Amino acid sequence: MPPRVRKAVFPVAGLGTRFLPATKSVPKEMLPVVDRPLVQYAVDEALEAGIEQLIFVTGRGKMAIEDHFDVAFELEATQTSRGKKLNALDGTRMKPGSCVFVRQQEPLGLGHAIWCAREIVGNEPFAIFLPDEFMVGAPGCMKQMVDAYDKIGGNLICALEVDPSETHSYGVIDPGARNGALTEVKGLVEKPAPGTAPSNLIVAGRYILQPDVMRILENQEAGAGGEIQLTDAMAQMIGSQAFHGVTFDGDRYDCGSKLGFAQANLALAMSMPDIGPALKDFARKLVC
Ligand code: G1P
């Protein structure tokens, strides 16, 4: 078996400009899908996959994320003294030492954000979660990827088909042979110009990478959008290391866009036993 994936990096330093003014003083990762912040779904997914250490690459104005995964002493003491249960806080009180926060001091791109975690990741394979990509599945997306990794090792990225008109917004895979949920990755290109993408298979915000990527990122030059791109560093590993895409069996919402965010809220709320039936009635009336 390849070495276990014990650590995960969550790049959460982005400014969230697409959601202004909501994100002026609230980190975009703290926007709720129904009743829990986006970042918490990603953390739940990581814990389900057996991840033990959560490394958040944050920036100025992101302290709410750190507070969210801490013990809220005043809140808990008040609730307890009122005889109220604390189970709504399940999944937010992290074990001491399991969360690490490092800062990305300048917005130089996703590749640079990941590189900021290099000392904490050390020399072992690690996962990456982009919390904007909201994945709903049983088991979760990362658990499916870790199961595949335990069998084949190397580097894995979550691969997902999108409409060809959307490929210019994503990292795109040049696919090789397909075997079940696994697709060989022959090449990667970040945000290809419309009409030039090698396929409609995108990199959908979940990765399991070998630590060698950190060494490549060290010298990675700026790429698409003038930013240091993780995709460009990964592309350099293809050929010397195993690289596969994993097709996720589940639903994906791009919560980096307003449409995806609204769809995630609607779909999740409709699936909840307490509010789902009433919401469906309401939605039916709205569209008639
Ligand atoms: C990032 C990655 C891109 C990936 C996308 C998934 O882009 O650079 O390769 O496909 O996330 O959402 P961003 O959305 O930060 O522009």
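Read the numbers this way: they start at 1 and go in the same order the structure lists the ligands and their atoms. Only heavy atoms go into these numbers, but all of them, side chains included; no hydrogens, no water, no symmetry mates. Worth saying up front: this structure is predicted, and the values here are computed from it rather than measured.
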Visitor: Mark yes or no for whether Asn200, through its side chain, and Glu161, through its backbone, hold a donor-acceptor pair below 3.5 Å.
Guide: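 Side chain of Asn200 to backbone of Glu161: no pair is present.
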Visitor: Give the residue, atom name and distance (to 0.1 Å) of the protein heavy atom nearest atom 7 (O) of ligand 1.
Guide: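 The closest heavy atom on the protein side is Lys191 NZ, 3.3 Å.
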Visitor: Suppose we measure from atom 1 (C) of ligand 1 to each protein heavy atom; which comes out shortest, and what is that distance?
Guide: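 Of every protein heavy atom, Leu130 CD1, 3.9 Å lies nearest to atom 1 (C) of ligand 1.
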Visitor: Nearest to atom 8 (O) of ligand 1, what protein heavy atom do you find, and at what distance?
Guide: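 Checked against all protein heavy atoms, atom 8 (O) of ligand 1 sits closest to Glu190 OE2, 2.7 Å.
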Visitor: When you look at CG of Asn179, are more than 12 heavy atoms from neighbouring residues, nucleotides or ligands closer to it than 6.0 Å?
Guide: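 No.
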Visitor: Specify the protein heavy atom at minimum distance from atom 6 (C) of ligand 1: its residue, its atom name, and the distance to 0.1 Å.
Guide: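 I find the closest protein heavy atom is Glu133 OE2, 3.2 Å.
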Visitor: Indicate the ring-plane relationship of Phe10 and Phe56, choosing parallel, tilted or perpendicular according to the 30° and 60° boundaries.
Guide: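 Correct class here is parallel.
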Visitor: Find all atoms of ligand 1 within a distance of less than 4.0 Å from any non-hydrogen atom belonging to Gln229, and give their numbers and elements.
Guide: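 Under 4.0 Å from Gln229, ligand 1 has these atoms: 8 (O).
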Visitor: Would a distance-only check, ignoring hydrogens and angles, find a side-chain to backbone donor-acceptor pair under 3.5 Å from Arg93 to Lys95?
Guide: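 It does not hold such a pair.
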Visitor: For Arg215, look at atom CZ and say whether over 12 heavy atoms of other residues, nucleotides or ligands are found less than 6.0 Å away.
Guide: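 Correct, the count exceeds 12.
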Visitor: Ile202: heavy atom below 4.0 Å from ligand 1, yes or no?
Guide: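 Per 4.0 Å heavy-atom rule, Ile202 does not contact ligand 1.
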Visitor: Is the side chain of Gln53 donor-acceptor paired with the backbone N or O of Arg6 at a distance under 3.5 Å, no angle test?
Guide: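 Not confirmed, Gln53 side chain does not pair with Arg6 backbone.
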Visitor: Please check this pair: side chain of Asp174 against backbone of Leu188, looking for a donor-acceptor N/O pair closer than 3.5 Å.
Guide: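 Pair absent, no side-chain N/O of Asp174 close to backbone of Leu188.
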Visitor: Would Thr231 count as a polar contact of ligand 1, with the cut-off being nitrogen or oxygen pairs under 3.5 Å?
Guide: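 Thr231 vs ligand 1: N/O contact under 3.5 Å present.
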Visitor: Below the 3.5 angstrom mark, is there an N/O of Gly205, backbone or side chain, next to an N/O of ligand 1?
Guide: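 Min N/O separation from ligand 1 is not below 3.5 Å for Gly205.
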Visitor: Nearest protein heavy atom to atom 4 (C) of ligand 1, by residue and atom, and its distance?
Guide: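 Nearest protein contact, heavy atoms only, for atom 4 (C) of ligand 1 is Val203 O, 3.3 Å.
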Visitor: Short list, please: which atoms of ligand 1 are under 4.0 Å from a heavy atom of Leu110?
Guide: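 The atoms of ligand 1 under 4.0 Å from a heavy atom of Leu110 are 2 (C), 8 (O).
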Visitor: Measure from the side-chain N and O atoms of Gln229 to the backbone N and O of Glu190, and report whether any donor-acceptor pair falls under 3.5 Å.
Guide: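 Such a contact is absent between Gln229 side chain and Glu190 backbone.
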Visitor: Measuring to protein heavy atoms, does anything land under 4.0 Å from atom 15 (O) of ligand 1?
Guide: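 So far as the 4.0 Å threshold goes, atom 15 (O) of ligand 1 is out of reach of every protein heavy atom.
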